Structure formats: structure tokens, C-alpha cells
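The structure under discussion appears below in the form of C-alpha cells.
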Amino acid sequence: MKLVRSIKEMAALSKKYKGRGEAIGFVPTMGALHKGHISLICRARKECKIVVVSIFVNPAQFGPKDDLKRYPRNLGADTNICRREGVDIIFSPNREEIYPKNYKTYLAIDDLGRVLCGKFRSGHFRGVATIVTKLFNIISPDFAYFGQKDAQQAIIIKKLVRDLNMPLEVKVLPIVRERDGLAMSSRNTYLNREQREDAAVLYQALRMAGVLIKKGSRSSKEIIRRMRLMILKKKSARIQYISVFDLKEFKPVKRIKGKILIALAVFFGKTRLIDNMIIKA
Ligand code: PAF
């Protein structure tokens with residue numbers, strides 16, 4: 001396994017693999033790898049000759065009040081995981097390599113970036129789209145792997161690839177959960193014991209919504225009300241949003257019909273966690 005720091009070296013390696021007709025599978029990450037990332041790496045390993053994992057904490061997707069400084073960084077542990085999982089290349093450039101002095105270009109995401117998380121994290125998806133586009137340009141993957149936990153991110157990146165005619169396929173893999181249902185996230189490490197226990201309520205609330213819908217409930221307002229009540233029973237929980245979205249239009253729905261996405265963001269102490277579930281009415 002190679003640890004590559006420079007764009008030039010990464011691009012040259014990709015060119016060599018492509019020249020040999022070897023498919024490149026790419027897993028973009030910000031490090032602090034967990035089982036969610038490992039599931040993406042395993043799939044890439046199965047499907048592609050070459051597996052590249054990027055590790056880069058992207059400042060452009062953090063707002064001034066976000067956790068850029070305290071975001072967990074552990075290249076040593078991440079390297080061990082990647083080696084064990086058979087990764088060929090870790091691409092881990094430093095900030096100046098990606099955003100040199102006088103860097104000026106960012107991607108604008110339309111309305112898709114202004115709802116759900118985008119409503120509360122202004123500029124977040126602009127930063128995500130920019131770094132992902134840069135990484136795609138540097139690595140030229142055939143396949144890129146993302147987790148369903150960041151549902152809105154996955155939708156935006158699929159759209160980005162289609163809209164900008166990028167020659168690769170985006171694959172979105174299911175959420176990997178802890179035993180009690182909490183979705184795996186690098187940010188789970190911030191939680192203290194009480195917050196960690198409380199956070200399991202997110203999955204319980206999503207499952208309850210699924211049961212209500214299966215039983216015939218069709219009002220988003222009512223589903224959200226029931227979810228709020230359940231989540232707010234936990235002392236450390238503060239809800240930022242719970243939304244029911246039509247998956248085709250990617251717009252909020254009042255009456256539930258067909259396939260919908262229930263997405264939420266909830267703070268436990270200072271830690272903001274997101275989760276979601278796709279449910280068919
Ligand atoms: O999902 C993440 O970890 C990040 O948003 C990504 C896709 C690596 C871009 O920085």
C-alpha cells in the first residue's frame with residue numbers, strides 16, 4: 001500500500017492504472033475510519049482492481065461554527081485499517097496542496113443544497129461538491145463509493161456526476177449501524193456516556209416512523225410530531241430538524257405517498273448527528 005501526498009503523483013499513478021485498463025474504485029473520506037467506511041472499502045475491493053481511499057479533512061465544507069479543529073484525525077490508525085482491508089493507495093494531501101494560496105473556484109449547488117442539512121450548514125454542500133470534484137479529477141475513478149448515512153450528500157453527488165457528465169459511476173451503500181442502531185459516524189467519538197446512550201433514540205424514532213407508515217399513517221406532520229416526542233424524552237437531545245422528503249422531487253411532502261426519505265439532525269450536547277431512512281408507503 002502506498003501513501004501518496006502529492007496531486008502530481010496521484011494523477012500519474014491513476015494514469016498508469018488506466019493505461020493498463022485497470023478499474024479504479026475510490027472511497028473519499030475525512031479519515032477517522034469506522035465500519036461504515038470499511039463497508040465501502042470492502043465493496044470497492046470486490047469490484048475494482050485498484051482501490052484508492054482519500055483522507056482529507058476538507059475545510060471548505062465546515063462553517064465557522066462547525067467542528068473543523070476538533071474533527072478526529074488519526075492517520076496512523078486509518079493507515080492500519082486501509083492496509084488490513086487491502087487498499088492500494090491512500091491519498092492524503094495537505095490543505096495547501098488542495099487549496100493553494102489564492103484558490104478561487106467553488107461549485108455552486110442549486111436548491112438541493114439549501115434544504116435539510118444545507119438549510120443549517122450554509123456552504124457545506126458547496127464545499128463537499130468542490131472537494132469531491134477535485135478528487136474525481138485527480139484520481140479519475142471508474143467507481144466512487146458513498147454511504148447512505150449522508151443521504152443528501154449522496155443525492156447531490158449523483159446529480160453532480162450526471163449534470164457535469166463525469167465519466168464514473170457513483171455507488172451508494174447502506175448505513176452501517178452499531179448494535180443499538182446508532183449509525184456509524186466519526187463524530188460518535190465526541191459523545192459522552194449519557195449522550196451515547198441517548199443517541200440510540202434516533203434509530204428507534206426512525207423505526208417507529210416506519211411502523212406508523214406501514215400501519216397506514218400518511219401525515220408527515222403527525223409522524224414528525226411522534227418522532228419529536230420520542231427524541232425529546234432524552235435529556236441530552238436537541239432537535240435541529242426532522243423532515244419527510246419525496247425522493248423523486250427531493251421536496252418536503254405533507255401526505256406520504258410512494259418512496260419517501262425521513263431525514264433528521266439532532267444535537268446531543270454539542271455533537272450534531274444525522275440519520276435517515278427510506279420508507280415505502
Ligand atoms: O462524507 C465525507 O466524509 C465527506 O463529506 C467527503 C465526501 C469525504 C468530502 O469531504
Side-chain angles (χ1 to χ4, degrees), residues 4 7 10 24-41 43-44 51-63 66-75 77-78 81-82 85 87 89-99 103 105-107 109 112-113 116-118 120-139 141 143-161 164 166 168-176 183-190 263 265 271-276:
V4 175
I7 292 174
M10 184 66 245
I24 301 176
F26 172 43
V27 182
T29 82
M30 298 205 296
L33 302 182
H34 51 68
K35 286 184 188 153
H37 296 116
I38 294 173
S39 77
L40 307 179
I41 295 172
R43 178 68 86 84
V51 176
V52 180
V53 172
S54 66
I55 296 179
F56 178 68
V57 182
N58 174 33
Q61 69 190 73
F62 288 79
D66 288 342
D67 54 351
L68 173 63
K69 267 206 184 120
R70 74 168 184 150
Y71 197 85
R73 293 161 171 87
N74 194 342
L75 189 59
D78 291 344
I81 292 173
C82 287
E85 299 303 329
V87 169
I89 296 178
I90 296 178
F91 177 51
S92 187
N94 65 27
R95 186 179 175 147
E96 293 68 40
E97 182 75 355
I98 294 292
Y99 299 112
Y103 184 87
T105 308
Y106 294 88
L107 262 95
I109 303 297
L112 276 186
L116 300 175
C117 290
F120 301 94
R121 299 188 73 191
S122 159
H124 171 69
F125 290 111
R126 165 189 192 256
V128 170
T130 302
I131 188 64
V132 168
T133 302
K134 282 172 74 74
L135 292 167
F136 285 171
N137 285 339
I138 296 163
I139 296 164
F143 301 97
Y145 298 82
F146 291 85
Q148 172 63 24
K149 196 195 87 176
D150 298 291
Q152 187 174 9
Q153 168 172 285
I155 288 167
I156 286 174
I157 288 166
K158 277 194 154 188
K159 191 84 180 79
L160 171 88
V161 163
L164 299 186
M166 296 178 173
L168 67 120
E169 188 183 329
V170 173
K171 300 205 175 195
V172 181
L173 303 195
I175 298 176
V176 180
M184 298 268 176
S185 163
S186 307
R187 290 187 169 94
N188 292 351
T189 55
Y190 299 154
T271 305
R272 180 180 179 275
L273 299 181
I274 56 170
D275 202 346
N276 68 84

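We count ligands from 1, going down the list as the structure has it; atoms in each ligand are counted the same way. Keep in mind it's a predicted model, so treat the numbers as computed, not measured.
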Which residue supplies the protein heavy atom nearest to [atom], what is that atom called, and how far is it?
{"atom": "atom 1 (O) of ligand 1", "value": "Gln153 NE2, 2.8 Å"}
{"atom": "atom 3 (O) of ligand 1", "value": "Met30 CG, 3.7 Å"}
{"atom": "atom 10 (O) of ligand 1", "value": "Gln61 OE1, 2.6 Å"}

Review point. Taking it one step at a time, do Phe136 and Val161 satisfy side-chain contact (heavy atoms from CB on, under 4.5 Å)?
Key: CA-CA 10 Å; Phe136 285 171; Val161 163; 3.7 Å; yes
Practice item. With heavy atoms under 4.0 Å as the rule, classify the contact between Thr29 and ligand 1 as side chain, backbone, both or neither. Key: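 Backbone only.
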Exercise for review: Report, in ascending order of atom number, the atoms of ligand 1 lying under 4.0 Å from any heavy atom of Ile131.
Suggested key: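 The list of qualifying atoms is 9 (C), 10 (O).
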Exercise for review: State the atoms of ligand 1, each with its element, that fall below the 4.0 Å cut-off from a heavy-atom position in Pro28.
Suggested key: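 Close to Pro28: 8 (C).
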Review point. Once the angle between the rings of His34 and His37 is folded into 0 to 90°, is it parallel (under 30°), tilted (30 to 60°) or perpendicular (over 60°)?
Key: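 Tilted: the ring planes of His34 and His37 meet at 30° to 60°.
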Check your understanding: In terms of the angle between their ring planes, are Phe143 and Tyr145 parallel, tilted or perpendicular, with boundaries placed at 30° and 60°?
Key ->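 Answer is tilted, since the angle falls between 30° and 60°.
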**Study point:** Pairing residues for Arg126 by the salt bridge (charged side-chain N to carboxylate O under 4.0 Å, His left out) criterion, not counting sequence neighbours
**Key:**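 Partners of Arg126 by the salt bridge (charged side-chain N to carboxylate O under 4.0 Å, His left out) criterion come out as none, since no residue qualifies.
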**Study point:** salt bridge (charged side-chain N to carboxylate O under 4.0 Å, His left out) involving Lys171 - partner list, sequence neighbours excluded
**Key:**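 Result, salt bridge (charged side-chain N to carboxylate O under 4.0 Å, His left out) vs Lys171: Glu47.
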